[in-house]
Structure formats: C-alpha cells, structure tokens
Amino acid sequence: MPLWTLRGLGQGIATTNWPDRPEGDTGQQSGYGMPTIGAEPCHDACRACAEVCPTRAIQLDTRDRLATLDYGRCIACQLCVDACPSGTLQTGAEWAFGVREREDLRWSSNPATRSEHALISHIDASFRGSLHIRHVDAGSCNGCESELQALVNPFYNLHRLGIFFTPSPRAADLLLVTGTVTAAMREPLMATWEAMPEPRRVLACGTCAVCGGVSADTYAGGHGVEGILPVDVWLPGCPPNPAAIIEALLLLLERKPQRIQRGRVHAP
Amino acid sequence: MSLGFEKLSLEPVALHARVQALLATGGRMQMAYAWHAQTDRIEVRYLAAPAPSQPFQVWCCRPDEHTLPSLTTCAPLLGWYEREIHDLYGVCFTDHPQPYPLIADGWMDTTPLIHASGWQRQLHAPHHVPDVHGDDVQLLSFGPVRAGAVESAQFLFHYLGESILHYQPRLFFKHRGMERAFEGRDPLTATTIAERVSGVGSVAHALAYCQAIEDAAGCDVPQRAQQWRAVLAELERLYNHLYYFGHLADTTTLKVGHAEGALLSERAKQLNAHMTGSRFLRNVLTPGGLRRDITMTHDCLNTLYVLRKQVDSYLVELERTTSYLDRLITTGVLTRQVAFDQGATGPVERASGLDRDLRRDHPYAAYRWLKVSVPLADEGDAYARAKVRAAELRASFDLLDTLIPSLTAGPVRAECPLQPGSEGLGWAESPRGSLFYAVHINGDGKLARVKIKSPSFSNWRAFPFTVHRTNMMDYAINQASFGLTIAGCDR
C-alpha cells in the first residue's frame, strides 16, 4: 500500500515563489506573449498584417499602414508577425494583459493623450486578502479551462494567495467568464450573475470572453461579455497563461498594478 | 500527397445495402456530413472505413427532395450525424429512431442554419428526455454551470436512491458554429481556427486540417516537417494523458495523486512552451509543413528524460494503490458491441477490445516510418481505460525516443497551391481518438465547407450506455475515465 502523503512530502516544495518575489519563476519564461510593435517603420500600401489577422484586430490608416491594434481581439497566433515584411510587428514576451478599461487594450500609432487619473479604488481593503471565484464557461475551446485548472496545481497553488474557486454563485465575489457567450449559454450565464450577492465583480478571461474570438461571426458564437455584463477586468490571451490569470486576479484585488496602458507596457 | 480515399456516388435507395455489406466485411461507418455542392444542391457524404488498412471510402449521395433514408438502425453511430445534418442543412431522414434536434433548437427559417447570417440569439441547447416516472423516482438536473472550473454541459439523472435509472447528457450549450467559422477564409492561414476548436487537442486538429488541405492540393510535406509533426502530436498526448491521471486520482479522492498528476501535466506544458512558445503547441503547423523550424535543445531533452522517470514512478505508484484500483475495476463497463455500434474511439474503444489506431492503420506524418504499438484491453471498465492510457503514455515516450534522434535536416515547408473547387480529407489519432477533417475549396480558392469529426463527439454518444443502471457514487469516476471534452463535441 503506497504512502502517498510521505511520497508527496519527499518531493519537496513544487510551488513557485512568484509573485511574492517578482523575480521568481512565473513558469512562462519561454512562451510567446502578444505581438509587439517595434520602431521599424511600416511599409506603405502593405496590408499584409490586416489581411492575415483571423479576428480583425488590426486596422490600417489611409496609406494602408498599421494604425491600430486591438489586443482585446488578439489571439496571439503570430500570423501578423510572420506576414510583416518590415519587421514592425514582432513576437513579444508580454502576456500580463489584464486591464480595467477596454480602451487600454487598444494600441494606436497616434495615441490620444490620456489624462493620468488615479484608479478609483474598486475593492474595499478588507476584501483584498481573499477572493471566491465562480467560473462560467460560456462557450470556450477548453484552452481557458485547461489553464484555470492549472491554477490549482502545485506549481501555481492559487490557494496560497487567498483565492479559491467556489461551486455556488451565492458564495462568490467574482464571476470569471471564459468563452464567446454562445446563444445557448447566455441565459445560464445571466442566471449565475443574478444569483451572486453584491458586491460582485466580473473578469472576462481570454480573447473569446473579451470580443468573441474566432467564432464571433457565426450564427451561434457570441461577441464576449461586452454589453452583457459590467466587466471589471479584461484579460485577452488565447488562452491567457496561468500566470497572466493570477496577475489579472491580483489586479482586480489591487494587489498588483496594471502593466498595460493604451496597448503599451507601462512597467511600474 | 494523397493519403488515399476512394470516392463513389450512391443513390439513396442503395445506401442501406451498402452499409450492411460494409458491416458484414468488418468495416465501420465513420461520419456523415452535408455541404452545398452547388448553391441550390445539397450533397450528403458518408465516410466509411472498410477493414483496417484498406483506404477510406467517401460515399456521395444526393437527397431526394431534401430527404434520405435514415441509416441509424443498421449503423447506430450515424444517429447523431443525421440529426446534425437535419439541424444545419434541413435534410430529413425518414424512420430516424430519435427524430429531434441535436445541435441547436429554435431555428425556424427556410435558410440552412449553417448559412444563417449573424448571431441567432433564440438558439438553445435541445432538450429531449424520455418520460421516466414511478414512485420515488426523482430527476436530478445538474448544470450547465457546474462545480469547479469545468466546461458547460447539463447532466440529467433519473434516479432512485443511489441507483441511476436513466442518464442523459444535454450537450451543445457550447455550440459555436466552428465549422461555419472556417467558411470564406483563406485555407493557408485557417489552421489558427482549427487549433481553437478544442484547445487541448490543438495539434491533432491542426494536423488533421493541414493534411486535409495538403490532400486537396496534392502537396508533399518535407520529411523534417513530418517528423516534427509526430513529435508535437506525441507531446500533446503526454500532457493530456498526465492531466487525465491527475483528474482520475481526484475523483477517487487520492489527493496527493491528483496533485502529482496535475504537476506532471504542468511540467509537460512548460516543456511545450519551451520548445514552441505555446503551452498548447499552437502556431507551429501550417498546410505544407511547419511555420518555422524548431530546434531540440539539450535542455528540452533533459527535461523530457527527467519527466519520463517521474511519470514512470507515478504510474507504478497508482497501479499499486488498492483504494484507487478498487474504485475503477468493474466501474462503467462499455461492452465491445456497444463501443463498436455507437462509434466509441481512441483509448475508450481500445479498452473495450477494438483494435484501431489511425497512426498504425492509416499512417500519416512520420508514423509511416514508425512502428506504433497499440495497447489494448478487453474489460471495457474504467480500469481498462486507465490501463490503456498508461500504456499509451509509455509508448509515447518510446516514440519520442525513436523520433527525436532521427530528426533529419532540411526544409520544413513546401508550397501548397490549391486548385479552385478541390477537396480533401485529413485525419489524426488525437489523444482522445480519431479526428477527421473534410475540406471543400470554392471557386475563389477560399474554404467553402469544413467538416470536423471530433473524438469527443463519438465518445459522448457511447458514454451514457455505461451510466444507465449504475450508481451515483461511480458517476464522476466513470466520466473521468472517459476523458471527454465538451468543446470538441459541441464545436
């Protein structure tokens, strides 16, 4: 009869010391993040990136050069990077794309000046230590669920941060939505939201939940939770990796600052 | 490169005899789908697998006034395909034993649903449950939002105390119209869509899709790309099967076993990211080969070597744990006959004694040059399904050991020029079983129709047969032992 507890203890600590130690192992050092826009100027009348983008995240200007990139629509497929002849679009390493305002996911070659405003405190200090999540899959490819389940594996060990998944919406503080919000899942999603006590928050997790993703234009796939639920944090990614989900949860709890503003990294 | 299938036209009246002849000679139906061969002409296609190692057959059949005879009574696994064709294309199947919607309910228009423009908000998941009643019989409706971070589906149990009288899953809440999402796109870049049909099957979906396009184009994929494709497919099997054991240990309340399985799966995913930049091995495959070359670093080889030792030790420990074995043995028996009739696939059918594996029977990519061992079991219970997957994990490490040192130098991508109006068929043995893609190219060189036959669609049909007349305590274990996804089934 194997002694599982002894076996587990014998294997030592598997959990990363990140994010308590910012230099710790996120587990994502070699993964690709969202594409970045480099300093190389874009070619006139090129159109290559916009034509190849499967989710229409890229808009061009009047001379058919890159004008805006909406990270909220980006599935990090790297097709634009492969197609870009000038090297303007590059493979990026940044994946912590959780933001409080949808606008912050839009990169523009000509950004409107933004008055720096202090974030309004959304979460009462006494609630920051602990969070209970009710997850709803509203029509995902199961990539997001795979990463959500990974959050509770010994490497990330979400519980150490005081964050838990809860079966009942009655006990939940946060509604974490994945998937495009299909026609058939809209009603169960709303019923879950209605069952949650206030104060209640919403995290749109993954590009599908932010904008609908690759199935946005079909008869059954939806356009994400925008306009359906009041979103507190938007987290694009396809899927967002477990560390990106942790960053977004800590952003919601105001235990981590937002890294992305207007589609650009603003590392504090 | 033509993977090889025979195409023939059949009249509706000849279908029954043809299916019976196929079954009598050891063959099996695989799937059926409809498409618009011309704007106003629907054609239904049946994919048949004659005895193993013979080429697949595609039967093309034109419905008489939108009607075809149902073949469900002689090949039960076709039941769901026929209902899906009815929902999406409006073709009626006469004498169908279950004549109600499968994919989506609430569509009343004359246009086929698959071509409906825009989001149809009134669609809902079909709900047809047999009338089960009697003293003390209760209905437990569980879902579609269930405990944990899991996929959405509703499970309906008619039960009496601890005994389940009748079980019915209500699926397709997650139906996104993924086949529609391909239509009109450029075939050479639509691999990104295939990778997002079922996230944990990204490689298998991309591979089957790319091979279907290559089949249509008659494209020869360079050897190095073929080898890397097999490496990626086996890496996908590793992290999926490791997750499977963690989940199975969780349902048998083996907490440390759950944690260890989840940790090993995480290490495999981190290895994936290290090799390809993606934890799900996405963004590598393309029609014609690979999007870029990959190098096998010393670090990766070392990680793989260490992982193998950890996995071996973990599996040995599980196989010695009597409390775990006790919950699996005799749980959720799927008989060989039901597995065959209902179309079970992958480790599920192989645990019920059906000896089929596309990697060996219809080899593709580097599997053409490899000897693929296909583990089997006869018992058909949860233990047999776990045993087959454990043996597959070990076989995957063996395959990687053979493949990686033999990687040849050379290009990884060939041109893949498509002729307008061409069509192709591709397949892959995913971690969950057989996966097929049928593609049709329109006159502008864009995708006109893509049909996806996913392994979970097949296995969800077989699964309820193992739940009726069992008990509630075993349900979660039995479901975990099938290793089903819902996104793959619902599409």
Side-chain angles (χ1 to χ4, degrees), chain A residues 1-2 4-5 7-8 11 14 27-28 30-32 52 54 75-79 82 91 135-156 165 167 179-180 182-188 191-192 213-215 217-223 238-239 241, chain B residues 104 113-114 116 118-125 144-145 147-152 172-178 180-181 185 189-190 192-193 196-200 202 243 254-257 259-260 262-263 265-266 269-270 273-274 277-280 282-283 291 317 320-322 485-488:
Chain A
M1 180 69 191
W4 279 95
T5 309
R7 177 183 168 86
Q11 293 188 27
Q28 320 302 325
S30 38
Y32 291 171
V52 85
I75 56 168
C77 68
Q78 317 290 338
L79 281 174
D82 288 359
T91 299
H135 160 251
V136 173
D137 162 19
S140 71
C141 73
N142 74 32
C144 284
E145 283 67 37
S146 181
E147 297 297 54
L148 287 172
Q149 287 161 4
L151 285 175
V152 292
N153 75 34
F155 183 81
Y156 302 104
F165 286 98
T180 74
T182 59
M185 271 313 290
R186 190 182 161 120
E187 198 183 307
T192 309
V214 293
S215 59
D217 298 323
T218 74
Y219 53 88
H223 292 90
C238 194
N241 66 51
Chain B
L113 180 55
I114 199 159
W119 193 56
Q120 304 300 322
R121 193 181 160 172
Q122 76 282 17
L123 294 180
H124 55 264
V145 178
V150 295
E151 293 191 77
S152 293
F172 303 101
F173 280 93
K174 292 182 58 159
H175 179 59
R176 291 167 285 160
M178 285 306 285
R180 172 70 190 81
R185 289 189 192 261
T189 55
T192 50
I193 314 296
R196 282 153 185 85
V197 175
S198 176
V200 293
S202 291
Y243 168 79
L254 203 59
K255 292 300 172 191
V256 182
E260 191 170 337
L263 183 61
S265 179
E266 173 65 25
K269 272 184 172 176
Q270 290 190 11
H274 202 70
S278 162
R279 287 162 61 84
F280 295 84
R282 283 174 171 172
N283 313 329
R291 279 165 62 182
E317 204 75 344
R320 288 172 35 193
T321 304
T322 45
T485 74
I486 294 166

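What you see is a predicted model; the values in this text were computed from it and never measured. In the text below, chain A, chain B and the rest are named by the order of the sequence lines, each starting its count at 1.
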For this session: Under 4.5 Å heavy-atom distance to chain A, tell me which part of B:Val200 shows up: side chain, backbone, both or neither.
Result: both

Exercise. Quick one: does A:Pro154's side chain get under 4.5 Å of B:Glu266's, heavy atoms only?
Worked result: no

For this session: Begin with the C-alpha distance, continue with both residues' side-chain angles, and end with the deciding distance and a verdict on side-chain contact (heavy atoms from CB on, under 4.5 Å) for B:Arg180 and A:Asp217.
Result: CA-CA 9 Å; B:Arg180 172 70 190 81; A:Asp217 298 323; over 6 Å; no

For this session: Please examine the side chains of A:Leu79 and B:Arg291, heavy atoms only from C-beta on, and report whether any two atoms are closer than 4.5 Å.
Result: yes

For this session: Mark yes or no for whether A:Asn153, through its side chain, and B:Leu263, through its backbone, hold a donor-acceptor pair below 3.5 Å.
Result: no

Problem set entry | Option in B:Ile486, B:Thr485, B:Leu254 with maximal non-hydrogen atom pairs under 4.5 Å from chain A | B:Leu254

Exercise. Contact part of B:Ile114 toward chain A, heavy-atom cut-off under 4.5 Å: side chain, backbone, both or neither?
Worked result: both

Problem set entry | Any A:Cys238 side-chain heavy atom under 4.5 Å of B:Arg282 side chain | yes

Problem set entry | Gap separating the OG atom of A:Ser215 from the CZ atom of B:Arg196, nearest 0.5 angstrom | 11.5 Å

Seminar exercise, completed: Separation between NE2 (B:His175) and CE (A:Met185), nearest 0.5 Å, reads 15.0 Å

Seminar exercise, completed: Counting heavy-atom pairs under 4.5 Å with chain A, the top scorer among B:Ala147, B:Gly277, B:Ala487 is B:Gly277

Problem set entry | Segment of B:Phe172 engaging chain A (4.5 angstrom heavy-atom cut-off) | backbone

Seminar exercise, completed: Scored by heavy-atom pairs under 4.5 Å with chain A, the best of B:Lys269, B:Glu260, B:Met178 is B:Glu260

For this session: Report the distance from atom CH2 of A:Trp4 to atom OG1 of B:Thr321, rounding to the nearest 0.5 Å.
Result: 5.0 Å

Exercise. So what's closer than 4.5 Å to chain B heavy atoms on A:Leu151: side chain, backbone, both or neither?
Worked result: neither

For this session: Before giving the answer on side-chain contact (heavy atoms from CB on, under 4.5 Å), spell out for B:Arg176 and A:Cys141 the whole-Å C-alpha distance, their side-chain angles and the decisive distance to 0.1 Å.
Result: CA-CA 9 Å; B:Arg176 291 167 285 160; A:Cys141 73; 3.7 Å; yes

Problem set entry | Heavy-atom pair count under 4.5 Å with chain A, highest-scoring of B:Ala181, B:Ala262, B:Ala149 | B:Ala149

For this session: Could you have a look at A:Gln78, A:Arg7, A:Gln149, A:Glu145 and say which one has the most heavy-atom pairs with chain B under 4.5 angstrom?
Result: A:Arg7

Exercise. Going by heavy atoms in the side chains, are A:Ser146 and B:Phe280 under 4.5 Å from each other?
Worked result: yes

Problem set entry | Sub-4.5 Å side-chain heavy-atom contact between B:Ile193 and A:Pro54 | yes

Exercise. Out of B:Ala125, B:Gly118, B:Ala116, B:Ala104, which one racks up the most heavy-atom pairs below 4.5 Å with chain A?
Worked result: B:Gly118

Exercise. Which distance, rounded to the nearest 0.5 Å, do you find between the OG of B:Ser152 and the CG of A:Asn142?
Worked result: 11.5 Å

Seminar exercise, completed: If one checks every heavy atom of B:Lys255 against chain A at 4.5 Å, the contacting part turns out to be neither

Exercise. More than 12 heavy atoms of other residues, nucleotides or ligands under 6.0 Å from CD of A:Gln11: is that the case?
Worked result: yes

Seminar exercise, completed: Honestly, the part of A:Ala191 sitting under 4.5 Å from a heavy atom of chain B is neither

Exercise. By a 4.5 Å heavy-atom criterion (distance strictly below it), what part of B:Arg279 contacts chain A: side chain, backbone, both, or neither?
Worked result: side chain

For this session: Examine whether an atom of B:Phe173 lies under 4.5 Å from a heavy atom of chain A, and if so say whether it belongs to the side chain, the backbone or both; otherwise answer neither.
Result: both

For this session: Kindly indicate whether the side chain of A:His135, heavy atoms from C-beta on, has any atom under 4.5 Å from the side chain of B:Val150.
Result: no

Exercise. What part of A:Phe155 lies closer than 4.5 angstrom to a heavy atom of chain B: side chain, backbone, both or neither?
Worked result: both

Seminar exercise, completed: Looking only at B:Glu151, B:Gln120, B:Gln122, most heavy-atom pairs under 4.5 Å shared with chain A are made by B:Glu151

Problem set entry | Best-contacting candidate, A:Asp82, A:Thr218, A:Thr180, A:Val52, against chain B by heavy atom pairs under 4.5 angstrom | A:Thr218

For this session: Find out whether B:Trp119 and A:Arg186 are in side-chain contact, i.e. whether some heavy atom of one side chain is under 4.5 Å from a heavy atom of the other.
Result: yes

Problem set entry | Largest heavy-atom contact set with chain B, pairs under 4.5 Å, which of A:Gly213, A:Ser140, A:Pro239, A:Ala138 | A:Ser140

Problem set entry | Most contacts with chain B, counted as non-hydrogen pairs under 4.5 angstrom, among A:Gly8, A:Ala150, A:Gly27 | A:Gly27

Exercise. Taking C-beta and beyond as the side chain, do B:Asn283 and A:Tyr32 meet within less than 4.5 Å on heavy atoms?
Worked result: no

